[in-house]
Amino acid sequence: MHSNKKSIFINSTPEKIYAFARDPLKWGQWYANLSEIKLEKGDGGVGSVINSVYNLFGMHVPTIVEVTEDVSSPELCRWAGLIKGNITGKQIFTYTAKDDGTDVEIELEYTLPAGIIGRIADKLLIEKVKDNDLVHTLENLKAFCEG
């Protein structure tokens, strides 16, 4: 299992960023290498099920996210989901009010199946790409929320 945390400061309130980011139908606009998002159940809150495709080195890896946490207040918002399918793990987004904006943190834990690792053959390269995806995801979210 690989684990990583990344964060960024965004000049907007936690609630505004959270309202945009928790909408699964908008994930394809800002979440790096994620496409074909389909809301199977719910509205993005607890119990929602979202199907999508994660693009990794030209492979289209189907993933399912089941939302396990969805909390919002003016000072702190938090959203978490379990990742199921070919890639398994969990992701947590935390939005904390700071000064006149928000610290946004994404925490990702995941396990790739042996078949994917075998096709790419370099686990460290996969981890570096995934880490870069988190940075680009946060930069994209910042651009949308400040733009």
Side-chain angles (χ1 to χ4, degrees), residues 1-57 59-113 116-117 120 123-147:
M1 176 173 290
H2 182 67
S3 178
N4 197 349
K5 285 185 186 181
K6 300 286 183 196
S7 62
I8 197 167
F9 182 82
I10 299 177
N11 290 309
S12 188
T13 66
E15 291 176 305
K16 286 182 183 178
I17 301 166
Y18 170 79
F20 175 78
R22 80 177 284 279
D23 181 352
L25 299 178
K26 293 181 181 169
W27 290 356
Q29 297 174 27
W30 61 274
Y31 202 106
N33 290 314
L34 197 65
S35 63
E36 300 181 36
I37 293 109
K38 183 176 179 187
L39 187 58
E40 294 293 329
K41 175 182 168 189
D43 64 355
V46 173
S48 295
V49 176
I50 302 100
N51 288 332
S52 63
V53 173
Y54 180 71
N55 301 299
L56 181 65
F57 294 106
M59 290 182 285
H60 303 285
V61 183
T63 60
I64 301 166
V65 173
E66 182 179 341
V67 180
T68 58
E69 186 176 356
D70 184 33
V71 179
S72 175
S73 76
E75 290 79 34
L76 177 72
C77 300
R78 186 171 158 106
W79 181 98
L82 291 177
I83 303 166
K84 302 175 181 182
N86 292 322
I87 298 174
T88 59
K90 68 178 178 178
Q91 60 184 352
I92 302 166
F93 284 86
T94 305
Y95 311 86
T96 307
K98 181 179 176 184
D99 301 326
D100 291 329
T102 303
D103 275 332
V104 179
E105 179 182 83
I106 180 173
E107 180 178 356
L108 178 66
E109 293 181 3
Y110 65 91
T111 301
L112 296 172
I116 289 177
I117 293 172
I120 298 171
K123 185 179 176 192
L124 293 177
L125 179 60
I126 294 170
E127 290 174 0
K128 184 173 181 168
V129 168
K130 290 289 293 166
D131 291 349
N132 286 338
D133 281 354
L134 291 183
V135 170
H136 293 298
T137 294
L138 289 173
E139 290 171 346
N140 292 341
L141 183 60
K142 180 181 178 80
F144 271 98
C145 293
E146 289 183 353

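In what follows, every heavy atom counts, from backbone to side chain, and hydrogens, waters and symmetry copies are set aside.
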- Item | Derivation of the side chain to side chain contact (heavy atoms under 4.5 Å, CB included) call for Thr94 and Val104 | CA-CA 6 Å; Thr94 305; Val104 179; over 6 Å; no
- Query: Given the rule in the side chain to side chain contact (heavy atoms under 4.5 Å, CB included) test, do Ile106 and Tyr31 qualify, once you have shown the distances and angles that lead to the verdict?
  - Reply: CA-CA 11 Å; Ile106 180 173; Tyr31 202 106; 4.1 Å; yes
- Item | Test side chain to side chain contact (heavy atoms under 4.5 Å, CB included) applied to Asn4 and Lys6, step by step | CA-CA 7 Å; Asn4 197 349; Lys6 300 286 183 196; 3.5 Å; yes
- Message: Set out, in order, the CA-CA distance, both residues' side-chain angles and the distance that settles side chain to side chain contact (heavy atoms under 4.5 Å, CB included) for Tyr95 and Arg78, then state yes or no.
- Response: CA-CA 6 Å; Tyr95 311 86; Arg78 186 171 158 106; 5.9 Å; no
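The side-chain heavy atoms of Val49 and Ile64, taken from C-beta on, include a pair separated by under 4.5 Å. Residues Thr88 and Ile83 are not in side-chain contact: their nearest non-hydrogen atoms beyond the backbone lie 4.5 Å or more apart. Considering only heavy atoms from C-beta on, Cys77 comes within 4.5 Å of Glu15 through its side chain. Taking 4.5 Å as the limit, some side-chain heavy atom of Lys5 sits within range of a side-chain heavy atom of Glu105. At a threshold of 4.5 Å between non-hydrogen side-chain atoms, the residues Val135 and Asp133 do not count as touching.
In this structure, the separation between NZ on Lys41 and CD1 on Ile50 is 10.5 Å, given to the nearest 0.5 Å. If you take CD1 on Ile87 and CG on Leu108, they are separated by 9.0 Å, rounding to the nearest 0.5 Å. Atom CG of residue Leu141 and atom CZ of residue Phe93 lie 7.5 Å apart, to the nearest 0.5 angstrom. Between the CZ atom of Phe144 and the NZ atom of Lys26 there is a distance of 9.5 Å, given to the nearest 0.5 Å. The distance from the CD1 atom of Ile10 to the CD1 atom of Ile17 is 4.0 Å, given to the nearest 0.5 Å. The line from OG1 of Thr63 to CG of Leu56 is 11.5 Å long, rounded to the nearest 0.5 Å.
In terms of modelled atom types and a separation under 3.5 Å, the side chain of Asp43 and the main chain of Gly45 share a donor-acceptor contact. Formation of a donor-acceptor pair under 3.5 Å by the Trp79 side chain with backbone atoms of Gly44 is found in this model. At least one donor-acceptor pair closer than 3.5 Å links the side chain of Glu146 to the backbone N or O of Asn11. At least one donor-acceptor pair closer than 3.5 Å links the side chain of Thr102 to the backbone N or O of Ser12. Judged by distance alone, with hydrogens and angles left aside, the side-chain atoms of Lys90 form no donor-acceptor pair with the main-chain N or O of Ala80 at under 3.5 Å. Thr137 places a side-chain N or O within 3.5 Å of a backbone atom of Ala32 that can act as its donor or acceptor partner.
Taking each heavy atom of Ile8 and Lys142 in turn, the nearest pair found is CD1-CD, 3.6 Å. Shortest non-hydrogen contact noted between Val65 and Gly81 is CG1-CA, 4.1 Å. Across all non-hydrogen atoms, the minimal contact from Ala97 to Pro74 is CB-O, 4.0 Å. Contact record, Phe9 with Lys98: CE1-O, 3.5 Å, taken as the closest heavy-atom pair. Listed here is the closest heavy atom pair of Glu75 and Pro14: O-CG, 4.1 Å. The two residues Pro24 and Ile37 make their nearest non-hydrogen contact at O-CG2, 3.1 Å.
Salt bridge present: Glu66 and Lys84 bring a charged side-chain N and a carboxylate O closer than 4.0 Å. Electrostatic pairing of Glu36 and Lys38 does not count as a salt bridge here, judged by no charged N lying under 4.0 Å from a carboxylate O.
Using bins of under 30°, 30° to 60° and over 60° for the plane-to-plane angle, the ring pair Trp30/Phe20 lands in the tilted bin.
Of the N and O atoms on the side chains of His136 and Asn33, not one donor lies less than 3.5 Å from an acceptor on the other residue.
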